[in-house]
There are 2 protein chains.
Amino acid sequence: MKRADVLDVAMHAYWEEGPDAVSLNAICQKAEVSKPSVYREFGNEDGLTCAVLETYTEVVLAKMQAVLDGPGSFAWKIDEVARLAAEDALHTHGCLWVKMRAVKPQLGERTQGLVDLIQEATLAAFTRVLTEAQASGEWQGGIAVPLAAQYLHAQIGLALDMRGRGEDPRDVLAMALSVFRGNTASGR
Amino acid sequence: MKRADVLDVAMHAYWEEGPDAVSLNAICQKAEVSKPSVYREFGNEDGLTCAVLETYTEVVLAKMQAVLDGPGSFAWKIDEVARLAAEDALHTHGCLWVKMRAVKPQLGERTQGLVDLIQEATLAAFTRVLTEAQASGEWQGGIAVPLAAQYLHAQIGLALDMRGRGEDPRDVLAMALSVFRGNTASGR
DNA sequence: ATTTTTTGATACCGATTGGTACGAATAAAC
DNA sequence: GTTTATTCGTACCAATCGGTATCAAAAAAT
């Protein structure tokens, strides 16, 4: 029954201190569980980080997906996703997925695979939104959808990276996303 | 006389494998020097990473500064810096400074300070270029200079980060920098 | 109630980390 | 040529890493 506790402790530790800065020993200590228990439950460190990233995806990234796949205009979705990334308290310490991607080569193979998978899922979600917006005429910037999706993904990632470093990404993100609005927006 | 050798070996190791993925032991091995020699020359690990980052700044980042502070139109400088970041073989593995910034909390205090210093110097260089361009009328986008400088810095950093991950940043960077040209450029 | 199975943690493993004590070898001074 | 000073590297240090063998306690099954 401790599984959820361990996942929660590990998630926050990885999230706040960086995945490569937290040892498995430290997690056991913080979660007040023995190391063999963790190994019995998750197999190895890769299994733990993998499970943590899965949990994170369900808890946090699902909010992004919900915005993108839910109702609302194209403009609103862009604004809302930007707001989630750049302002929401949820990402005060940045995004765990972004941090994991940053140290991907040092993660286990399963976790690396999951990082890639999430990247593809996110890109797919952006692609869906853009395709819809183009079809409904809400957006037409003369930009190919795959490029626009990659661009959106990169800029959201940049904003989350900046938050992880303690910088305020709002102005930069607003400026970057202004290409979707046709004007050059003057910040917050 | 081995100082230069060690710095070279360490720089490339940090650069290609990531600063936190290379141990001091590994560097001694690769450079074929004893560990006490390294400690005699650099004091501790922080001293080594610091010296490496200094070398990197002189060797690599100086090229960026030269472009920004040298002659040439505003548009050319932007293009050239973008080309250096996104296409030049020099940054095939990304940028060592960007990689150090990404793991800043895990670096020694001196190295952390140097990372910040380089950030400020780079931002200052962008600010100078933008102020000049605004004064000469080469650029007026209704964007405040500090924000534009921060934006340029962030986007160049993003491009270098993408290269470090093996992605091609050219289209994304071109799109991001299009706000400085007034059109929405259609890629490479 | 006894046996079996599962859960738990202590205490260890070899490897590697950043860092150093100390003796051998070399260079400088006399 | 002998002595002094300095460079240099082997061999070590404690701490920590991811991972596990092993044994005690609790739960389940019989």
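Within every chain, numbering begins at 1; the chains are lettered A, B, ... in the order of the sequence lines, protein sequences first and strands thereafter. Just so it is clear, the structure is predicted and the values come from calculations on it, not from any experiment.
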Q) Hey, does the side chain of B:N25 come within less than 4.0 Å of C:dT16's phosphate (OP1/OP2), counting only N and O? A) no
Q) Between atom CG in A:L24 and atom P in D:dT16, what is the gap in whole Å? A) 15 Å
Q.
It should be established whether A:S37 places a side-chain nitrogen or oxygen under 4.0 Å from OP1 or OP2 of nucleotide C:dT7.
A. no
Q: Ignoring hydrogens and angles, answer whether the base of C:dG19 and the side-chain atoms of B:K35 contain a donor-acceptor pair closer than 3.5 Å.
A: yes
Q.
Can you measure B:D5 atom CG to D:dC8 atom P for me and round it to whole angstrom units?
A. 13 Å
**Q.** Interatomic distance, B:E41 CD vs D:dC8 P [rounded to whole Å]
**A.** 9 Å
Q.
Nearest to the side chain of B:Y39, heavy atoms from C-beta on, is which of C:dT10, D:dT10, C:dG18?
A. C:dG18
Q | Interatomic distance where CZ belongs to B:F42 and P belongs to C:dG18 [whole Å] | A | 15 Å
Q) B:D20 CG to C:dG18 C1': how many Å, rounded? A) 15 Å
(Q) Between P on C:dG18 and CG on B:N44, what's the gap in Å once rounded to a whole number? (A) 11 Å
Q.
Any non-hydrogen side-chain atom of B:Q119 less than 4.5 Å from a side-chain atom of B:H153?
A. yes
**Q.** Length of the line joining A:E45:CD and D:dT16:P, which is rounded to integer Å
**A.** 16 Å
Q.
Go nucleotide by nucleotide along DNA chain D from the 5' end; which of A:A26 and A:R40 gets its closest nucleotide reached first?
A. A:A26
Q: Report yes if some heavy atom in the side chain of A:E41 is under 4.5 Å from a heavy atom in the side chain of A:V6; otherwise report no.
A: no
Q) For the ring pair B:W97 and B:Y56, is the centre-to-centre distance below 6.0 Å? A) no
Q.
Counting only side-chain nitrogens and oxygens, does A:S23 get under 4.0 Å of the OP1 or OP2 atom of D:dC17?
A. yes
Q | Flag, side chain of B:D5 to backbone of B:A31, donor-acceptor distance under 3.5 Å | A | no
(Q) Using side-chain heavy atoms (C-beta onward) and a distance below 4.5 Å, is B:Y39 in contact with B:L24? (A) yes
**Q.** Distance in angstrom units between B:D46 CG and C:dT17 P, rounded
**A.** 18 Å
